[in-house]
Amino acid sequence: MSARRGVTILGSTGSIGCNTVELVEASPDLYRVEALVANSRVDILADQARRLKARLAVVADETAYPALKDALAGTGIEVAAGAAAVADAADLPADWVMASIVGAAGLAPTLRAIRRGATVGLANKEVLVCAGQLMMAEVKTHGATLLPVDSEHSAIFQVLDVKQHDQVEKIILTASGGPFRGKTREFMSSVTPEQAVAHPNWSMGAKISVDSASMFNKGLELIEAYHLFNMPEEKIDIVVHPQSVIHSLVAYTDGSVLAQLGSPDMRTPIAYALGWPNRIPAPVPRLDLASIGTLKFEAPDQTLFPSLRLAREALRAGGSVAAVLNAANEVSVAAFLARKIGFLDIARVVERTIEGVNHRELLSIDDVLAQDQVARRFAESVIGRL
Ligand SMILES: NC(=O)c1ccc[n+]([C@@H]2O[C@H](COP(=O)([O-])OP(=O)(O)OC[C@H]3O[C@@H](n4cnc5c(N)ncnc54)[C@H](OP(=O)(O)O)[C@@H]3O)[C@@H](O)[C@H]2O)c1
């Protein structure tokens, strides 16, 4: 029997993390677990660590350390806490690392995994939005492998022939349109966090669910695709496809359009990244095209969703604009979930923050983290003045 592949899961207690744990747990002969990392949900983390016999369990929130230590006492599983411990966890010799922390908090640990040349399954799209150029350069320098986990980017990765990169006419990202597709701005002005996180097709964490409702998620994915596939912004289209059956498409110069299809279940793209370059079984509902009958598509409503324009402008502007957009969006989504601002305020705060901060070139990850903090403080002040 060949040696088992070492796996680390950054953000193991989240929606992507739990799905990854499920797939890893289903194949104990293929995988052994090095580290599991969360923010503060000790109960889930400790349970996962015991079940998977992890070597190390880490919480970012230091106040959760005593509870984690107690929960894993006598198991032989090492425990640690704090942001530095989270980044250190990515250094353990895991061949494969799932980057599924939410937001810019995932930047430092993902970079550490990249710098030791690991294969990284990237769900944490904010990493590329904040620091795409720097991250892609690090991947190249250290011979790391970046495998997209976002369903759209996984789809493109599966149908984009890199040898024909110059013969690609367009990448077409599909978007479900979220829970407010077809609604009015008047309707959206009074929606609650509960309405915003109730996604019609996907079960996801709170932040990405709100991002899907505002379509900032598609804006972030546009920026992610630009970096991952080295594709100019004008060659990346977005089409609304409410059923989320086609996960994205690549159009070639000869008129061929290649797509990847599947049930809207994140275990498929996670399994693709985990098994790559092979395929592993995933217990997902199989597609039944005859019962689906018709696939629907429509153009996105740019007026209803200014997020798409803001993301395109950020790409065209370059420099720190995308990192600022991301930070302001993270702050606004948290404020919306805490009922401090309305849903439409999210895009307002992002746009005012992009307009208000001094932009700069981002020459290092430290530059990115510093600009992230500047943008967060500015966005908080915008929120305070709303
Ligand atoms: N969910 C999806 O279907 C989906 C699809 C495509 C892409 N993504 C992307 O994948 C990422 C994760 O999404 P999700 O929906 O799985 O989010 P989620 O359910 O909110 O989970 C977030 C995970 O990150 C951990 N975390 C948060 N802050 C942290 C910190 N400072 N240090 C260490 N860990 C931290 C959380 O720990 P606690 O549980 O302790 O808080 C949790 O494990 C996001 O970037 C999202 O855009 C998600």
Side-chain angles (χ1 to χ4, degrees), residues 8-22 35-49 57-65 67-68 71 80-90 97-110 112 120-130 147-155 173-176 178 197 199 201-212 214 216-221 223-225 228 244 247-248 263-270 272-273 284 326 329-330 333-334 337 369 372:
T8 281
I9 306 173
L10 305 169
S12 67
T13 53
S15 168
I16 293 287
C18 288
N19 279 322
T20 310
V21 164
E22 181 192 328
L36 297 177
V37 172
N39 185 31
S40 60
R41 287 195 284 175
V42 165
D43 293 355
I44 305 175
L45 179 65
D47 178 54
Q48 291 174 336
V58 182
V59 273
D61 178 356
E62 293 185 27
T63 65
Y65 179 72
L68 183 64
V86 168
D88 289 346
V97 177
M98 166 55 86
S100 58
I101 291 174
V102 61
L107 204 60
T110 306
R112 293 276 280 270
V120 176
L122 186 77
N124 189 184
K125 64 193 85 184
E126 295 91 344
V127 165
L128 284 187
V129 175
C130 295
L147 299 170
V149 169
D150 237 332
S151 57
E152 296 78 358
H153 304 72
S154 174
L173 296 175
T174 52
S176 69
V197 300
H199 197 278
N201 303 341
W202 300 95
S203 160
M204 309 181 285
K207 193 254 175 185
I208 185 177
S209 297
V210 175
D211 284 347
S212 296
S214 66
F216 263 108
N217 184 47
K218 214 46 59 179
L220 301 180
E221 287 178 9
I223 300 171
E224 182 185 11
L228 268 177
S244 303
H247 296 305
S248 278
S263 296
D265 189 314
M266 284 308 293
R267 288 173 296 183
T268 294
I270 295 169
Y272 182 80
V284 302
N326 180 68
N329 183 52
E330 285 192 34
V333 170
L337 287 169
L369 295 173
D372 175 82

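The chain is numbered in sequence order, starting from 1. Counting convention: from 1, in listed order, for ligands and their atoms alike.
Checked by atom type and distance alone, the side chain of Asn217 never pairs as donor or acceptor with a backbone atom of Ser209 at under 3.5 Å. In this structure a side-chain-to-backbone donor-acceptor pair under 3.5 Å is missing from Glu224 to His153. Judged purely by atom type and a 3.5 angstrom limit, Ser263 has no side-chain atom pairing as donor or acceptor with the backbone of Asp265.
Polar contact check, Ser15 against ligand 1: a nitrogen or oxygen pair lies under 3.5 Å apart. The distance criterion of under 3.5 Å between nitrogen or oxygen atoms is met by Gly14 with respect to ligand 1. For ligand 1, the polar-atom distance check against Thr13 finds a nitrogen or oxygen pair separated by under 3.5 Å. On a distance-only criterion, Gly11 and ligand 1 share at least one N/O pair closer than 3.5 Å.
In Ala60, the part holding a heavy atom less than 4.0 Å from any atom of ligand 1 is the side chain. Proximity of Ala38 to ligand 1, defined as any heavy-atom pair under 4.0 Å, is shared by backbone and side chain alike. If you look at Met266 next to ligand 1, the close heavy atoms, those under 4.0 Å, all belong to the side chain.
Side chains of Asp61 and Ser40: no donor on one and acceptor on the other come within 3.5 Å.
Under the side-chain contact (heavy atoms from CB on, under 4.5 Å) rule, Phe216 has a single partner from Asp211, Val333, Asn326, which is Asp211.
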Begin with the C-alpha distance, continue with both residues' side-chain angles, and end with the deciding distance and a verdict on side-chain contact (heavy atoms from CB on, under 4.5 Å) for Ile208 and His199. CA-CA 10 Å; Ile208 185 177; His199 197 278; over 6 Å; no
Take Trp202 and Ser151 through the test side-chain contact (heavy atoms from CB on, under 4.5 Å) and record every step on the way to the result. CA-CA 11 Å; Trp202 300 95; Ser151 57; 3.8 Å; yes
Take Ile101 and Val86 through the side-chain contact (heavy atoms from CB on, under 4.5 Å) test and state the conclusion after the steps. CA-CA 10 Å; Ile101 291 174; Val86 168; 4.1 Å; yes
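In terms of protein heavy-atom proximity, atom 23 (C) of ligand 1 is nearest to Ser100 O, 3.6 Å. Looking only at protein heavy atoms, the nearest one to atom 15 (O) of ligand 1 is Gly205 N, 2.8 Å. In terms of protein heavy atoms, atom 41 (O) of ligand 1 is closest to Asn39 CB, 3.5 Å. Regarding atom 11 (C) of ligand 1, its nearest protein heavy-atom neighbour is Ile101 O, 3.8 Å. Among protein heavy atoms, the minimum distance from atom 31 (N) of ligand 1 is reached at Ala105 CB, 3.4 Å. Closest to atom 47 (O) of ligand 1, if we only count protein heavy atoms, is Lys125 CE, 3.2 Å. Residue, atom and distance of the protein heavy atom nearest to atom 16 (O) of ligand 1 are Ile16 N, 2.9 Å.
Looking at Ser212, Ser40, Ala99, it is Ser40 that brings a heavy atom closest to atom 40 (O) of ligand 1. Closest heavy-atom approach to atom 22 (C) of ligand 1 within the set Val102, Leu122, Leu45: this belongs to Val102.
Classification of Glu221 and Lys125 as a salt-bridged pair holds, one side-chain N sitting under 4.0 Å from a carboxylate O.
Between Glu126 and Leu107, every side-chain heavy-atom pair lies at or beyond the 4.5 Å cut-off.
Per-residue contacts place Ile208 under 4.0 angstrom from the following atoms of ligand 1 (heavy atoms of the residue considered): 4 (C), 5 (C), 6 (C), 7 (C), 8 (N), 15 (O), 46 (C), 47 (O), 48 (C). Taking a cut-off of under 4.0 Å to the non-hydrogen atoms of Ala123, the atoms of ligand 1 that pass are 7 (C), 8 (N), 9 (C), 10 (O), 45 (O). Close contacts between ligand 1 and Asp150 involve ligand atoms 6 (C), 7 (C) [criterion: under 4.0 Å to a heavy atom].
The shortest heavy-atom distance from Glu126 to ligand 1 is under 4.0 Å.
Residue Ile223 holds its CD1 atom at 10.5 Å from CG of Leu128, rounded to the nearest 0.5 Å. Atom OG1 of Thr20 is separated from atom CD1 of Ile9 by 5.5 Å, given to the nearest 0.5 angstrom.
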